[in-house]
Amino acid sequence: MIDKKAIGEWTEELASKAPVPGGGGASALGGAIGAALGQMVANLTVGKKRYRDVEEEIQKKLARLEELQAEFLKLADADAQVFAPLAEAYGLPADTEKQREEKERIMEERLLAASLVPLEMMEKAMELLNILECLGEKGSRMAVSDVGVGVQFARAALMGAVMNVYINTKSMKNREKAEELNKKAKELIEAGTRKADEIYKKVLKGLDA
């Protein structure tokens, strides 16, 4: 479990030849860090007289950010859990027609599972960006730079996850389903990177003022 390990231990595993963790897990960890940074900004905002008017809204954002952080960490583990059976499926025998059909059936199931995890990461990264946008506008001015850093982690999570969607859908025989997933991923990556860049530019402009 990623949330039970020291970060040094986890990154050592990431650096090794082991098949997991990999890019998917790293993307999810980036999302978790982005959510943690958002919590820091929210915690520096609540309870301050200057931000009394947005106290209730920021408290709600803080609660959701806590959930998102935990969800990203679960997705890091889920990414590893779906990869192992997929890697195993590539080695299934395909000498007879029956074996080939069975292998194809199993491959489709596991490719789909391996596509859905990073797609969920993308959805959560998009939600995280929306919350960070709110914090950039209404959160503590002292921590606005941390909003910008959180945005970049959310953006990295989004852009990392999309590659894991595409690498799996590319091998799917069910092209209708593959294109459905690709379409959703494309919409998320386009909307998400656009939003991330807009928020980041606003943060930079505010810091440069």
Side-chain angles (χ1 to χ4, degrees), residues 2-3 23-48 50-79 115-166 180-209:
I2 185 173
D3 60 342
S27 298
L29 181 59
I33 293 172
L37 282 164
Q39 288 173 68
M40 183 180 74
V41 176
N43 278 317
L44 288 168
T45 305
V46 297
K48 302 291 176 61
R50 180 178 176 182
Y51 306 105
R52 187 181 299 157
D53 291 346
V54 295
E55 173 86 14
E56 186 177 347
E57 182 180 4
I58 300 300
Q59 286 280 14
K60 289 179 180 177
K61 301 297 185 189
L62 176 58
R64 182 56 188 143
L65 284 166
E66 290 171 355
E67 293 172 347
L68 276 172
Q69 182 181 344
E71 289 166 8
F72 274 119
L73 291 176
K74 286 181 181 177
L75 284 168
D77 287 329
D79 182 75
S115 302
L116 292 176
V117 171
L119 193 60
E120 187 177 350
M121 283 183 210
M122 294 182 73
E123 291 170 340
K124 294 191 186 302
M126 190 72 206
E127 183 182 358
L128 174 57
L129 285 168
N130 286 327
I131 295 174
L132 290 170
E133 181 176 33
C134 172
L135 291 172
E137 294 170 353
K138 302 177 182 181
S140 171
R141 294 299 88 197
M142 292 179 64
V144 70
S145 62
D146 297 295
V147 171
V149 178
V151 163
Q152 291 305 313
F153 274 104
R155 192 182 196 278
L158 189 73
M159 296 188 74
V162 75
M163 290 186 283
N164 279 9
V165 175
Y166 290 155
E180 176 190 327
L181 297 174
N182 287 346
K183 182 175 182 291
K184 190 170 185 179
K186 185 179 179 182
E187 289 170 353
L188 285 166
I189 198 72
E190 289 178 352
T193 52
R194 182 168 59 248
K195 180 173 286 293
D197 292 345
E198 287 171 357
I199 303 167
Y200 187 68
K201 285 176 184 176
K202 286 180 184 177
V203 169
L204 281 181
K205 185 177 181 181
L207 293 172
D208 193 40

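Only a predicted model underlies this, so the values are computations on that prediction, with no experimental measurement involved.
Glu137 contributes atom CD, which lies 11.5 Å from atom CG of Leu132 (distance to the nearest 0.5 angstrom). To the nearest 0.5 Å, the span separating CG on Leu158 from CD on Glu123 amounts to 10.5 Å. Atom CZ in Arg194 sits 11.5 Å away from atom CD1 in Ile189 (nearest 0.5 Å). Considering CD of Glu198 and NZ of Lys201, their distance stands at 8.0 Å, rounded to 0.5 Å. Rounding to the nearest 0.5 Å places NZ of Lys124 at 11.0 Å from CG of Leu119. Distance check: Leu44 CG to Tyr51 OH gives 9.5 Å after rounding to the nearest 0.5 Å.
Within the 4.5 Å cutoff, the side chain of Val117 has no heavy atoms near those of the Asn164 side chain. For the pair Leu116 and Glu120, the minimum side-chain heavy-atom distance is 4.5 Å or more. Using a 4.5 Å heavy-atom cutoff, the side chains of Ile199 and Lys195 are in contact. Between Ile131 and Leu65, the closest side-chain pair of non-hydrogen atoms falls below 4.5 Å. Between Val144 and Leu207 there is a side-chain heavy-atom pair separated by less than 4.5 Å. Side-chain contact between Val149 and Ile33: absent, with no pair of heavy atoms (C-beta onward) separated by less than 4.5 Å. For the pair Lys138/Thr45, no side-chain contact is recorded, criterion being any heavy-atom separation below 4.5 Å from C-beta on.
Residues Arg141 and Gly136 share a closest heavy-atom pair of NH2-O, 2.5 Å. In plain terms, the two heavy atoms of Gly192 and Met126 that are nearest each other are CA-SD, 3.5 Å. The shortest heavy-atom contact between Val162 and Ala185 is CG2-CB, 4.0 Å. Residues Ser27 and Ala161 share a closest heavy-atom pair of OG-N, 3.6 Å. Pairing each heavy atom of Met121 with each of Gly24, the nearest pair is CE-O, 3.3 Å. Considering every non-hydrogen atom in both Gly31 and Ala157, the closest pair reads N-CB, 3.7 Å.
Here Glu180 does not pair with Lys184 in a salt bridge; the nearest charged N to carboxylate O distance is not below 4.0 Å. Ionic pairing of Arg64 and Glu71 is present here: one or more N-O contacts between side-chain nitrogen and carboxylate oxygen are shorter than 4.0 angstrom. Using a cut-off of 4.0 Å between Lys/Arg side-chain N and Asp/Glu carboxylate O, Glu187 and Lys183 are scored as salt-bridged.
Evaluation of the salt bridge (Lys or Arg N to Asp or Glu O under 4.0 Å) test over residues 145-163, restricted to residues two or more places apart or in two chains, returns Arg155-Asp197. Applying the salt bridge (Lys or Arg N to Asp or Glu O under 4.0 Å) test to pairs two or more places apart or on separate chains, none has a residue in residues 29-45.
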Leu62 and Glu66: CA distance, side-chain angles, deciding distance, side chain to side chain contact (heavy atoms under 4.5 Å, CB included) verdict: CA-CA 6 Å; Leu62 176 58; Glu66 290 171 355; 4.0 Å; yes
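The backbone N or O of Val41 lies less than 3.5 Å from no partner atom in the side chain of Ser140, so there is not a single donor-acceptor pair.
Few gaps surround OH on Tyr166; more than 12 heavy atoms of other groups in view lie less than 6.0 Å from it.
Annotation: side chain to side chain donor-acceptor pair (under 3.5 Å) contacts of Lys48 (sequence neighbours excluded): none.
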